[in-house]
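Worksheet: the structure to be examined is printed underneath.
Computed from a prediction, not measured in an experiment: that's the story for all the values here.
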Amino acid sequence: MKQLILGLAATLLMTTAQAEPTATGDLGLVIERAKGSVLLVDQSDRAALARIEGLGDLSHASLVYSPDERFAYVFGRDGGLTKVDIVTRQIVNRVVQAGNAIGGAISDDGKLVAVSNYEPGGVRVFDAVTLEMVADIPTESKTIGLVDAPGRRFVFTMWDTGETWIADFNKGDPEITKISDMGKNPYDALITANGRTYITGLFGEDGLTALDLWAETPEPIRLLPNYGRGQEEMPVYKMPHLEGWALTGREFVLPAVGHHEVLWIDSDTLTETGRTKTHGQPVFAMARPDGRQVWVNFAHPLNDTIQVIDSVSKEIIHEFKPGPAVLHMEFTPRGHEVWLSVRDANKVMVYDTHTFEKLREIEADSPSGIFFTARAHRTGL
């Protein structure tokens with residue numbers, strides 16, 4: 001018996017020693033919007049590793065990561081919330097929690113996952129381990145701009161009522177703070193990396209609205225209230241994504257709604273500091289991690305083009321055409337490369353951000369969002 005036990009122990013040690021360790025810090029997922037799948041990719045190898053299927057309608061999808069970078073929580077348009085294990089490369093669990101969802105967030109402690117819904121509206125919150133629902137927050141409105149905030153809080157805004165709500169889960173059941181008069185038809189929002197400033201874009205009127213979440217009683221702060229007034233309105237082909245707004249040094253860089261330009265705003269005073277004319281209507285204006293460059297993509301029909309803006313001069317320093325329908329950009333954590341999803345070419349393209357040289361093309365089926373695991377450690381992403 002003793003020899004048998006020693007033999008089993010030796011076998012276990014050999015198995016453990018031979019097991020290939022799995023690191024996730026270099027990985028990411030690419031949404032394949034037409035197939036309902038995600039593509040697991042490796043940044044250093046610039047390669048696809050695996051395709052994970054069965055995630056439902058990903059025509060408008062996003063995801064967040066668990067703090068250990070192992071699990072991705074994918075939010076689908078069909079109301080699906082899917083938990084994906086990127087180590088075992090399979091779906092762990094999936095629930096269809098609503099009829100039409102628009103995104104989600106994970107709490108700062110990684111224990112709660114919240115989903116923002118168009119139909120039936122409101123926000124639903126789930127246990128990150130089991131995906132069991134722990135809170136249902138009806139709002140009688142389409143909800144947009146859902147982000148995580150420090151202190152186990154979620155912040156979100158209502159399209160129909162123009163309110164922003166703060167749901168605080170610090171004591172268990174959510175405590176709700178409601179802020180009215182945020183503006184007409186807020187369409188998206190962002191939160192700064194320090195968790196202090198929450199900004200909503202307005203579709204129904206000029207300008208934007210900010211909240212100082214460090215204030216004892218946050219009050220709406222109107223930004224650029226006269227922006228666009230007196231100018232000819234242009235058709236809006238695609239709403240900008242505000243989580244793609246950039247912070248470069250002390251300035252925000254924002255895509256203008258219905259105009260061919262990006263706006264620069266001082267992050268301390270929240271006043272305008274400049275404008276840069278662009279190729280088309282910006283969708284994402286994303287800063288390289290060091291803040292020196294801002295990369296901009298555009299709405300249909302000018303969505304084959306990328307422009308790069310120098311954040312010191314505020315001038316365009318490079319323009320190129322990766323291919324038809326550039327939908328999303330993602331920088332490597334230190335910003336030496338950028339990955340672009342070129343939907344209608346069925347490719348993800350990798351570029352050097354200093355030389356602008358194309359480094360690799362990766363086959364993907366109608367790619368859209370690109371999400372590297374470094375997002376697990378950033379507020380609002």
Side-chain angles (χ1 to χ4, degrees), residues 56-57 59-64 73-81 95-107 112-126 133-149 152-169 173-191 195 197-213 215 217-223 225 236 238-245 254-255 257-258 380:
D57 182 357
S59 59
H60 187 289
S62 63
L63 62 86
V64 295
Y73 300 88
V74 183
F75 310 103
R77 176 62 97 178
D78 57 0
L81 168 60
V95 296
V96 178
Q97 55 81 46
N100 189 336
I102 196 63
I106 188 168
S107 59
L112 299 174
V113 177
V115 189
S116 178
N117 294 314
Y118 272 6
E119 181 63 43
V123 169
R124 288 174 173 166
V125 183
F126 299 83
M133 189 165 65
V134 298
D136 186 357
I137 307 173
T139 62
E140 299 183 356
S141 170
K142 295 177 180 178
T143 56
I144 57 91
L146 171 65
V147 300
D148 58 285
R152 225 169 183 240
R153 295 181 297 165
F154 295 107
V155 186
F156 48 94
T157 296
M158 271 53 77
W159 164 270
D160 301 288
T161 64
E163 292 182 313
T164 292
W165 293 10
I166 303 171
D168 187 336
F169 283 83
D173 294 335
E175 297 180 1
I176 306 295
T177 300
K178 301 180 182 180
I179 298 105
S180 59
D181 299 324
M182 291 292 288
K184 185 177 180 181
N185 297 135
Y187 66 87
D188 201 0
L190 67 85
I191 190 171
T197 307
Y198 178 84
I199 300 176
T200 63
L202 303 177
F203 186 71
E205 59 183 286
D206 293 323
L208 312 96
T209 307
L211 290 175
D212 182 354
L213 299 180
T217 305
E219 298 287 343
I221 304 167
R222 299 306 297 269
L223 311 182
V236 178
K238 183 173 176 60
M239 297 302 294
H241 283 266
L242 301 197
E243 286 186 3
W245 287 7
L254 328 174
V257 178

Non-hydrogen atoms of T200 and P186 that approach each other most closely: CB-CB, 4.4 Å

Say whether, by atom type as modelled, one donor and one acceptor occur between the side chain of D78 and the main chain of D57 under 3.5 angstrom. yes

Check whether any side-chain heavy atom of I102 lies under 4.5 Å from a side-chain heavy atom of F75, and answer yes or no. no

Measuring from atom OH of Y187 to atom NZ of K142, what distance do you get when rounded to the nearest 0.5 angstrom? 16.0 Å

Is a donor on one side and an acceptor on the other found under 3.5 Å between the side chain of T157 and the backbone of I144? no

List the residues meeting salt bridge (Lys or Arg N to Asp or Glu O under 4.0 Å) with D212, not counting sequence neighbours, and say none if there are none. R196

Considering residues at least two apart in sequence or located in another chain, which fulfil the side-chain contact (heavy atoms from CB on, under 4.5 Å) criterion with I166? R153, V155, T177, I179, L213, P218

Reported CH2-to-OG distance for the pair W165 and S180, which is rounded to 0.5 angstrom: 12.0 Å

Provide the closest heavy-atom pair for S116 versus V123 in the form atom of the first, atom of the second, distance. CA-CG2, 4.4 Å

Quick check against the 3.5 Å criterion: does R152 have a side-chain atom that pairs as donor or acceptor with the backbone of F169? yes

Taking atom CZ of F126 and atom CG of L112, what is their separation to the nearest 0.5 Å? 11.0 Å

With the side chain counted from C-beta on, respond yes when M133 and V125 share a heavy-atom pair under 4.5 Å apart, and no when they do not. no

To the nearest 0.5 Å, atom OG1 of T139 lies from atom CD of E163 at 9.0 Å

Contact summary for A210 and I199, nearest pair of heavy atoms: CB-CG1, 4.0 Å

Grab the two heavy atoms, one from G104 and one from L146, that are nearest each other, plus how far apart they are. CA-CD2, 3.7 Å

State whether the number of non-hydrogen atoms from other residues, nucleotides or ligands found under 6.0 Å of D160 atom CG is greater than 12. yes

Residues N117 and A101: closest non-hydrogen pair is OD1-CB, 3.4 Å

How far does CG of L208 sit from CE of M182, to the nearest 0.5 angstrom? 10.0 Å

Might you point out which heavy atoms bring D148 and F154 nearest each other, and give the distance in Å? CA-CD2, 4.1 Å

Restricting to side-chain contact (heavy atoms from CB on, under 4.5 Å), what partner residues turn up for R222, sequence neighbours left out? L202, E205, T209

Would you say N185 and W159 make side-chain contact, with heavy atoms under 4.5 Å? yes

